[in-house]
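This report concerns only the one structure given below.
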Amino acid sequence: MAEAKQRAGRTPADAALEAIWRVVAALPRGRVTTYGAVAARAGLPRRARLVGHALKVAPRALALPWHRVVGAGGRIAFPAGSAHFREQRRRLQAEGVEVLRGRVSLPRADDLDALLWGGR
DNA sequence: GTTGTGACATTAT
DNA sequence: CATAATGCCACAA
């Protein structure tokens, strides 16, 4: 229908957020990925920034493993020493992920991730 | 409608 | 390694 331009309160932005949430929610335990990888996997290339926003506005009820999402090269996106930073590091270490100087041991490259993710 | 900001990425210097 | 510039897009003022 022509008048069906927009569903009640339903915007493309919301769909993007949901897509991102779904990808993050699917992150296996002990696995760390980057914002860019999440965005790409959610069908939103070059929208890493949006991923950050999505996580920020994500309802707590979703219990998203936000701590498994880090910046490029495995760098934690939060300012070193901040409360969020410490919490993320603590959660990652709790899952067996080594965090050294604000960085997590990433599998060399996203290619490996993409390969594993691409298969499934 | 314009402006500034941001849980980023990439490339260049 | 750090800094700057650019892209990208949602959101608040």
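So you know, we letter chains A, B, ... as the sequences are listed, proteins then strands, and number each from 1. No hydrogens, no waters, no symmetry mates; every other heavy atom, side chains included, goes into these values.
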Trp21(A) atom CH2 is separated from dA10(C) atom C1', nearest whole Å, by 13 Å

From CG of Leu44(A) across to P of dA10(C) the rounded distance in Å is 9 Å

The residue, Arg103(A) or Leu17(A), whose nearest nucleotide of DNA chain C is more 5′ is Arg103(A)

Between CG of Leu55(A) and C1' of dC11(C) the distance, given in whole Å, is 16 Å

Taken to the nearest whole Å, NE2/His53(A) to P/dC9(C) is 14 Å

Separation of dT6(C) atom P from Arg47(A) atom CZ, nearest Å, is 21 Å

From CZ of Arg75(A) across to P of dA7(B) the rounded distance in Å is 14 Å

In short, Pro79(A) meets Phe85(A) closest at the heavy-atom pair O-CB, 3.3 Å

Requested in this report: Carefully, step by step, assess Leu92(A) and Val104(A) under the rule side chain to side chain contact (heavy atoms under 4.5 Å, CB included).
Outcome: CA-CA 8 Å; Leu92(A) 288 174; Val104(A) 300; 3.6 Å; yes

Exercise for the section: Report yes or no: is there a donor-acceptor pair, N or O only, under 3.5 Å between the side chain of Arg49(A) and the base of dG6(B)? Expected result: yes

In whole angstroms, the gap separating C1' of dC8(B) from NE2 of His84(A) amounts to 16 Å

What integer number of Å spans the P atoms of dT6(C) and dA7(B)?
22 Å

Ranking Arg101(A) and Arg46(A) by the position along DNA chain C of their nearest nucleotide, the one closer to 5' is Arg101(A)

Can you label the angle between the Phe78(A) ring and the His84(A) ring as parallel, tilted or perpendicular, going by 30° and 60°? tilted

**Request:** Kindly indicate whether the side chain of Tyr35(A) and the base of dA9(B) share any N or O donor-acceptor pair separated by less than 3.5 Å?
**Result:** no

Quick note, Ala48(A) side chain, CB onward, closest among dA10(C), dC8(B), dC8(C) is dC8(B)

Which of Arg29(A), Arg31(A), Arg68(A) passes side chain to side chain donor-acceptor pair (under 3.5 Å) with Glu95(A)? It is Arg68(A)

Of dC8(C), dA7(B), dA10(C), the nucleotide closest to the side chain of Leu50(A) is dA10(C)

Is there a donor-acceptor pair under 3.5 Å between the side chain of Gln88(A) and the backbone N or O of Val69(A)? yes

